[in-house]
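Just so we're on the same page: letters track the sequence lines, and every chain starts at 1.
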Amino acid sequence: MNINDFKSNDEITWCPGCGDFGILGALKKSLVTLDKQPKDILLVSGIGQAAKLPHYIKANCFNGLHGRALPPAVAAKITNHNLAVIVTTGDGDCYGEGGNHFIHNIRRNVDITVIVHNNQVYGLTKGQASPTTDFGFKTKVQVNGVIAEAMRPLELAIALGCGFVARGYSANLEHLSWLISEGIKHKGFSLIDVLQPCVTFNKKNTYEWYAKRVYKLEDSYNPADKMAAYQKAAEWGDKIPIGIIYRQESQTYEDKSGVNKIAPLADADITDIDIREALKEFM
Amino acid sequence: MKKELTILIAGEAGQGMQTIGATLCRVFKDSGCFIFANQDYMSRVRGGNNFFQLRVAHTPSYTLRQKSDIIVALDKKSQDLHAGFIASGGIIIVDKEKFKITEDKQAFFNVPFYNLANTVGGSEIFINTVCCGVIAGLTGLAPDALSKVIKDAFIEKGEEIVKKNIACVKAGYDFAKANFKEERFYVKEGSAQSRLLMNGNEAIALGAIRAGCKFYSAYPMTPSTSIMDNVAHFSGKFNIVVEQAEDEIAAINMIIGASFAGARSMAATSGGGFALMVEGLSLAGMTETPIVVVCAQRPGPATGFPTRTEQSDLNFLIHAGHGEFARLIYAPGTIEEAFYLTIKAFNMAEKYQIPVLILTDQHLADSYRNIEQFDLDKIKVQRYIISKEESKQVSGYKRYQLTESGISPRAIPSWIDDTIYVDSDEHNEDGHITEEASVRVKMVEKRFCKKIAALVLEVEKPTAFNIETASTILLGFGSTYGAIKEAREVLGSDFGFIHLSQVWPFPAQELIQLLKDKKRIFTIENNAGAQLAGLLLRSTGIKASGSILRFDGRPFNLDYLVEEIGKYKDCSD
């Protein structure tokens, strides 16, 4: 496969300079590296700027409702496990509107990859605070600054037992692409939270702001150490680490339910299911 | 010998009414009788007052009676609550010593069942099996047949428990034989042998399994939960994934994802859960993804009466969802209809790529009947997708290709070499987001207007009884079928009955034909707003003469309905 095999003819509607371009480029690069066929990839999204990404790649696309990317994604994987299922979502979509699904799908551990475009602001609705907006950040709604503490999705994911927790930066395409590839290869729910500057509505967390703070995790860092992972996940301020913060493989939903031991449920011949034995229980 | 007999067992939650009820159903069924049984339970695990009512007859029965011939009061409160509902010549079984009753009423049949349970079984928990034995003695059931059913029911709990239960049955049986010499409650054996004993939810679960449902997701909600229990029970045998969702929003979005990926899928809930699903319903409409959702109604608003029955979500289901899209709503009236219409719901959902809703209620969900074996040869499970074979030839695929019928050929991801785009935004034929006015118009016509027009032609015909000669028509939908059917038979030839098992698209043309020249039309509804009468007026211009409405959370029954209709009969038009 090469990058042109994933080219979509759909017009891109993101602002020039948007951090989403870096994520799109990194994802395409990963799909080439992993030699995936467009027909075997399913991109699922909710609503928001991140949710438009599936239209810009040639692959199967289910662009559902705001906050509801995860439920159809896991169900599609469970019933058709030939598909590599990747969710492209945002901080509002995944951590706000879809917060309950985020929590419970980490618990399910279906083998999907979730890429969260985390720009710490609402873009599509023009600049309100998101669950990850920094304390004190002023918007047209939060006129005196945000008074809620920012959500820490990586710490939450580690606490819930997520087996692959990573943070990337959209301006570091090579590194992000590597993270996405590792996430797709990981068996189970993989979370990749991507720092993504919003050039229109977030005048605080800019490319310049990140350039001063972002650093790659040292080679000596051990992502299997859960307590160290909590500490790394919590690092936010003068220094912000990117890389695989926590990795620990465990049995997936498909392993535990046994669906991956049989042909995909979608392929089952259902025209003539014999229920006579079942009916005997009612006689 | 009685032609029919109604038995009611009442007590606190946890006293085992369900065990007695299930046991008696099975024994009477095995003796060849027709049965209709329903549970009336409170939303609690212990205490309160619950009852199980069982009607045994020589001809098929479809509803309950207002009064009972034999009432078993397992506690004092039950005696107080149900003493007013003893049929003429009926009895109420009480433990006078335990309940500290000193008075003597003619209807009392005093059985020291607490004492018998303690001395024979060694524990109070055996009062339910003692009472089973008493009923067997009173009704002339063979004690061996009862013991066999008891053995089957308790075998998993060990030999010792089986032995104690059988001894308690015998003690109850012997007590009744020795102290109640009359045979007036004897029901002679019937001929209804190899039948299925089933309730509405079980029928829906089996229908879904037969229709090829491979993915089921729901959040537990009374009275829909036992559909999930039953699908889960058979999930291993039929390779079905049952996933308990974190909420109903997840449930409906999951089944949409599963269906998109190629697996037939279903969810079930009640009104409150359905309210959470509404956004997802609209998603199924927009993305043209087939799904089947059961809404087993209970009284609302809000939490309402969690364990009781009502038909107040008719308008809600018809109008649920933002935007305009096609849907189909079935309202089965019997256990048989619940089975066959569930299968049809899956076929129609796939054929038209729409959400199909099955509107039931607690009464249908929990009522048991012994029904004739399903006609399995009659069932057709049809696929309306691009098959795996055909998929190899597909290229340049457009998920929302404009066609004459409005239905675009549906491909399954990974089966075709091409890719599939589906979007909740307005989309073009390729499935990509669009803001074009002309495309919008074509897409609305496709997924709404054209599909509705086609669905109207496939409407499930109303079932009509005694329409030609009747001047008064009783009109109902869903679970009122049984009560109206039997009430009409009692009321005589001047009355006709029309049952609707599909409420959307509304069978307007069919009803205009059936109701022309009819002087009096009454809708019979388990709601306060006469929703069916309103729907009839809006859809056909026909104004009902009146509506008989019950909204106390209880189902109609034969006697109640005859009496209510009688009130109208008295005042001439």
Checklist entry - What residue in A/Asn82, A/Thr13, A/Ile273 has the most heavy-atom pairs under 4.5 Å with chain B? => result A/Ile273

Checklist outcome for this item: Honestly, the part of A/Asp272 sitting under 4.5 Å from a heavy atom of chain B is both

Checklist entry - Closest approach of B/Gly257 and A/Ala75, non-hydrogen atoms and distance? => result C-CB, 4.3 Å

Checklist entry - In terms of heavy-atom proximity below 4.5 Å to chain B, should A/Pro54 be classed as side chain, backbone, both, or neither? => result backbone

Next on the checklist: So for A/Arg108, is it side chain, backbone, both, or neither that comes closer than 4.5 Å to the heavy atoms of chain B?
Outcome noted: side chain

Checklist entry - B/Tyr397 versus chain A, heavy atoms under 4.5 Å apart: side chain, backbone, both or neither? => result neither

Next on the checklist: Which one wins on heavy-atom pair count under 4.5 Å against chain A: B/Arg399, B/Arg383, B/His427?
Outcome noted: B/Arg383

Checklist entry - So among A/Lys52, A/Glu11, A/His55, which one has a side-chain contact (heavy atoms from CB on, under 4.5 Å) with B/His432? => result A/His55

Item to check | Spatial distance of atom CE (B/Met254) from atom CD1 (A/Ile78) [nearest 0.5 Å] | outcome: 6.5 Å

Checklist entry - Where on A/Ile41 is there a heavy atom nearer than 4.5 Å to chain B: the side chain, the backbone, both, or neither? => result neither

Checklist entry - Who among B/Val381, B/Asn239, B/Leu206 has the most heavy-atom pairs with chain A under 4.5 Å? => result B/Val381

Checklist entry - At what distance, to the nearest 0.5 angstrom, does CZ of A/Arg276 lie from CZ of B/Arg210? => result 10.0 Å

Checklist entry - Do you know which two heavy atoms are closest between B/Asn253 and A/Pro71, and how far apart they sit? => result CB-CB, 3.7 Å

Item to check | Inter-residue atom distance B/Ile252.CD1 - A/Arg68.CZ, 0.5 Å rounding | outcome: 11.5 Å

Checklist entry - Backbone N or O of B/Thr419 within a donor-acceptor pair of the A/Lys39 side chain at under 3.5 Å? => result no

Checklist entry - Side chains of A/Tyr253 and B/Val241: closer than 4.5 Å at any heavy-atom pair? => result yes

Next on the checklist: Working note: B/His233 + A/Glu281, criterion side chain to side chain contact (heavy atoms under 4.5 Å, CB included); need CA distance, chi angles, decisive distance, verdict.
Outcome noted: CA-CA 11 Å; B/His233 174 75; A/Glu281 293 190 24; 2.8 Å; yes

Next on the checklist: Heavy-atom pairs under 4.5 Å with chain A: which of B/Lys388, B/Lys237, B/Glu243 has the most?
Outcome noted: B/Glu243

Next on the checklist: Counting heavy-atom pairs under 4.5 Å with chain A, which one of B/Thr287, B/Ile256, B/Ile416 comes out on top?
Outcome noted: B/Ile416

Item to check | Pairwise distance CG(B/Asp247) to NE2(A/His101) - rounded to 0.5 angstrom | outcome: 5.0 Å

Item to check | Exceeds 12 heavy-atom contacts within 6.0 angstrom, atom CD of B/Gln373 | outcome: yes

Next on the checklist: Is any side-chain heavy atom of B/Lys214 closer than 4.5 Å to one of A/Thr79?
Outcome noted: no

Item to check | Residues, nucleotides or ligands: over 12 heavy atoms within 6.0 Å of B/Gln382 CD | outcome: yes

Next on the checklist: Heavy-atom cut-off 4.5 Å, strictly under: side chain, backbone, both or neither for B/Lys380 against chain A?
Outcome noted: neither

Item to check | Contacting region of A/Ile275 [heavy-atom separation from chain B under 4.5 Å] | outcome: both

Checklist outcome for this item: Whatever's closer than 4.5 Å to a heavy atom in chain A on B/Glu279 counts as both

Checklist entry - Quick one: of B/Ile433, B/Thr289, B/Asp30, who has the most non-hydrogen atom pairs under 4.5 Å with chain A? => result B/Ile433

Next on the checklist: Below 30° counts as parallel, above 60° as perpendicular, anything between as tilted: where do the rings of A/Phe282 and B/Phe234 land?
Outcome noted: tilted

Checklist outcome for this item: So, the part of B/Ile412 with a heavy atom under 4.5 Å from chain A: the answer is side chain

Checklist entry - Quick one: what part of A/Leu265 sits under 4.5 Å from any heavy atom of chain B, side chain, backbone, both or neither? => result both

Item to check | Which portion of B/Ala251 sits near chain A, non-hydrogen atoms under 4.5 angstrom | outcome: neither

Next on the checklist: Tell me if a side-chain donor or acceptor on B/Arg26 pairs with a main-chain N or O of A/Met283 at a distance below 3.5 Å.
Outcome noted: yes

Checklist entry - When you measure from the side chain of A/Asn80 to the backbone N and O of B/Pro413, does any donor-acceptor pair fall under 3.5 Å? => result yes

Next on the checklist: To check you understand the geometry: which heavy-atom pair defines the closest contact between B/Ala211 and A/Ile270, and what is its length?
Outcome noted: O-CD1, 3.8 Å

Checklist entry - Less than 4.5 Å apart, any side-chain heavy atom of A/Gln37 and any of B/Asp417? => result no

Checklist entry - In terms of heavy-atom proximity below 4.5 Å to chain A, should B/Asn230 be classed as side chain, backbone, both, or neither? => result side chain

Item to check | Exceeds 12 heavy-atom contacts within 6.0 angstrom, atom NZ of A/Lys256 | outcome: yes

Next on the checklist: Within the 4.5 Å heavy-atom criterion, are A/Leu279 and B/Met198 side-chain neighbours or not?
Outcome noted: yes

Checklist entry - SG of A/Cys61 to CG of B/Asp430: how many Å apart, nearest 0.5 Å? => result 11.5 Å

Checklist entry - Checking B/Leu376 against chain A: side chain, backbone, both or neither under 4.5 Å from a heavy atom? => result side chain

Checklist entry - Which region of A/Ser257, side chain (C-beta onward) or backbone (N, CA, C, O), has a non-hydrogen atom less than 4.5 Å from a non-hydrogen atom of chain B, or is it both or neither? => result neither

Next on the checklist: Quick check on the interface: out of A/Ala73, A/Ala266, A/Pro264, who has the most heavy-atom pairs with chain B under 4.5 Å?
Outcome noted: A/Ala266

Item to check | From A/Ile57 atom CD1 to B/Tyr421 atom OH, the distance as rounded to the nearest 0.5 Å | outcome: 8.0 Å

Checklist entry - Does B/Ile420 offer a backbone N or O that forms a donor-acceptor pair with the side chain of A/Asn60 under 3.5 Å? => result yes

Next on the checklist: If you count heavy atoms of other groups shown closer than 6.0 angstrom to OH of B/Tyr219, is the number above 12?
Outcome noted: no

Item to check | Minimal non-hydrogen separation, A/Leu83 against B/Ser414, with atom names | outcome: CD2-CB, 3.8 Å

Checklist entry - How far apart are the closest heavy atoms of A/Asp274 and B/Phe238, and which atoms are they? => result O-CE2, 3.4 Å

